[in-house]
Amino acid sequence: MAANNRRMSGKKGAQVGSGGQRRKGLEGKGPTPPAEMRKGHKKNRVASAKARQTARRPAPRGRGGKSTSELVVGRNPVYEALRDGVPASTLYVQQFIDNDERVREALQLAAERGGINLMEAPRPELDRMTNGLNHQGLVLQVPPYEYAHPQDLADAALDDGEDPLIVALDGVTDPRNLGAVVRSVSAFRGHGVVVPERRAAGMTAGAWKTSAGAAARTPVARATNLTRALEAYKKAGIVVVGLAADGEVELGELEALGGPVVIVVGSEGKGLSRLVGETCDHRVRIPMPGGAESLNAGVAAGIVLYEAARRRA
């Protein structure tokens, strides 16, 4: 009996389990992160130092910032944007879309242009992206426009040995007017357009379309404060000419158009703002025998640009 007890005492009884901890401890922790991300590694210290230097470094003057990306929605608008050369990064196509002629043409244009990602997406996803707009199964993403700095426009002209010819827009909020001005500046060999950062039209898909391709050749700069940008031009020896219905000088009498000049165009309704008007060296009127009270901003800019180009020829 005693021997039997000894045998029983040597037998293993129930033991408390590890709960899988030993097994989990043997599992891998995933791929080893690159050296730049491993704390304490020499490459991590170098990368951190570069990041701190970049954060302290002031932004280069040649950048006027970027706009936000934009969506063009609907079969006809998407097709027209692709046809007219509006920059695009991605074309979203609804799954199981009714493949009509306009859809096929849009897909063909996107393929021919190259550099445009084609993404298939379910209808609910496109509804969410467009906030419920009638996208008809096609959505085109236009990347942010990278604006120049106002001084870059003058510097580019001087580098080419030319007198700067620049148009600044004051209170113009219709992107189509901006596109028309960009087109006129390109046609008369101007050096760019300046727009205010706030309460003004920007380089949207509509502006690109109206420019008829000129936006790809003519830079648009964005000024945080238009009045200060004009004052900087004046300090650089550039004459600032504002268009006003009650201007003191008639367009044909202004000799300054033959030299370095910034032409400031106000909105059709309000004209030049007070501070901008006071900053101008000259306030010029365009004679209108027909008796119209004002001209569209794009038309007015085109008339003055033609006169400036004629003087420089």
Side-chain angles (χ1 to χ4, degrees), residues 59-60 62-149 152 169 172-183 185-186 192-224 298:
R63 295 185 181 271
K66 288 185 177 182
S67 60
T68 57
S69 60
E70 181 187 1
L71 297 178
V72 178
V73 176
R75 297 186 184 188
N76 281 334
V78 166
Y79 166 76
E80 291 169 0
L82 290 169
R83 180 196 63 193
D84 296 338
V86 174
S89 55
T90 305
L91 175 59
Y92 295 92
V93 184
Q94 181 182 310
Q95 289 177 341
F96 313 115
I97 190 173
D98 178 19
N99 195 9
D100 66 7
E101 182 180 1
R102 189 43 48 98
V103 172
R104 290 193 296 271
E105 290 173 338
L107 291 172
Q108 182 179 352
L109 283 172
E112 289 174 353
R113 283 180 51 175
I116 300 177
N117 299 316
L118 294 178
M119 301 287 291
E120 192 176 45
R123 183 182 180 88
E125 176 63 16
L126 297 183
D127 291 341
R128 184 195 63 78
M129 288 174 56
T130 61
N131 291 323
L133 294 176
N134 184 22
H135 52 73
Q136 301 174 307
L138 287 184
V139 178
L140 186 69
Q141 186 170 38
V142 178
Y145 181 83
E146 187 166 341
Y147 292 93
H149 187 280
D152 293 340
L169 301 182
V172 175
T173 57
D174 189 339
R176 292 170 298 183
N177 274 336
L178 171 58
V181 171
V182 170
R183 186 174 183 178
V185 169
S186 177
V193 181
V194 180
V195 296
E197 186 174 331
R198 299 179 181 178
R199 295 184 292 277
M203 284 305 298
T204 63
W208 271 94
K209 287 177 61 178
T210 309
S211 77
R217 305 184 298 272
T218 303
V220 176
R222 189 164 61 178
T224 305

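No side-chain donor-acceptor contact under 3.5 Å links Q136 and R75.
Using modelled atom types, one side-chain atom of D152 and one backbone atom of H149 make a donor-acceptor pair closer than 3.5 Å. Within the 3.5 Å criterion, the main-chain N or O of L71 finds no donor-acceptor partner in the side chain of Q141.
In plain terms, the two heavy atoms of A106 and L82 that are nearest each other are O-CD1, 3.4 Å. Of all non-hydrogen atoms in V195 and Y147, the two that sit nearest each other are CG2-CE2, 4.4 Å. Looking at every heavy atom in both residues, V73 comes nearest to H135 through CG1-CA, 3.1 Å. The two residues G202 and P175 make their nearest non-hydrogen contact at O-CB, 4.2 Å. Shown here for A110 and L118, the closest heavy-atom pair between the two residues is CB-CD2, 4.1 Å. Nearest heavy-atom pair, V142 versus P87, reported as atom, atom and distance to 0.1 Å: CG1-O, 3.4 Å.
Each of L107, N117, V72 was checked for a side chain to side chain contact (heavy atoms under 4.5 Å, CB included) with L91, and the lone residue meeting it is L107. Only one option out of V194, V220, V181 pairs with L169 in a side chain to side chain contact (heavy atoms under 4.5 Å, CB included); it is V181.
When the salt bridge (charged side-chain N to carboxylate O under 4.0 Å, His left out) test is applied to R113, no partner is found at least two apart in sequence or on another chain. Partners of R102 under the salt bridge (charged side-chain N to carboxylate O under 4.0 Å, His left out) rule, at least two apart in sequence or in another chain, are E105.
Side chains of L138 and V93 form a contact here, defined as non-hydrogen atoms less than 4.5 Å apart. Side-chain atoms of I97 and V103, non-hydrogen and from C-beta on, do get closer than 4.5 Å to each other.
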If you look only at distance, which donor and acceptor atoms sit under 3.5 Å apart when one is on a side chain in residues 205-216 and the other is two or more places apart or in another chain?
unit_1 : atom_1 : unit_2 : atom_2 : d
K209   : NZ     : E80    : OE1    : 3.1
T210   : OG1    : G206   : O      : 2.9
S211   : OG     : W208   : O      : 2.7
S211   : OG     : A215   : N      : 3.3

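The structure places CG of L140 at 10.0 Å from OH of Y92, a figure rounded to the nearest 0.5 Å. In this structure, CD on Q94 lies 15.0 Å from CE on M119, to the nearest 0.5 angstrom. Rounding to the nearest 0.5 Å places CZ of R104 at 13.0 Å from CG of L109. One distance of note links OG1 of T204 with CD of E70; it measures 5.0 Å at 0.5 Å rounding.
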Let's go through R128 and E125 carefully: what are the C-alpha distance in whole Å and the side-chain angles of both, what is the deciding distance for salt bridge (Lys or Arg N to Asp or Glu O under 4.0 Å) to 0.1 Å, and is it a yes or a no?
CA-CA 5 Å; R128 184 195 63 78; E125 176 63 16; 2.6 Å; yes

Worked check of side chain to side chain contact (heavy atoms under 4.5 Å, CB included) between T173 and R199:
CA-CA 7 Å; T173 57; R199 295 184 292 277; 5.6 Å; no

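More than 12 heavy atoms of other residues, nucleotides or ligands sit less than 6.0 Å from atom CD of E112.
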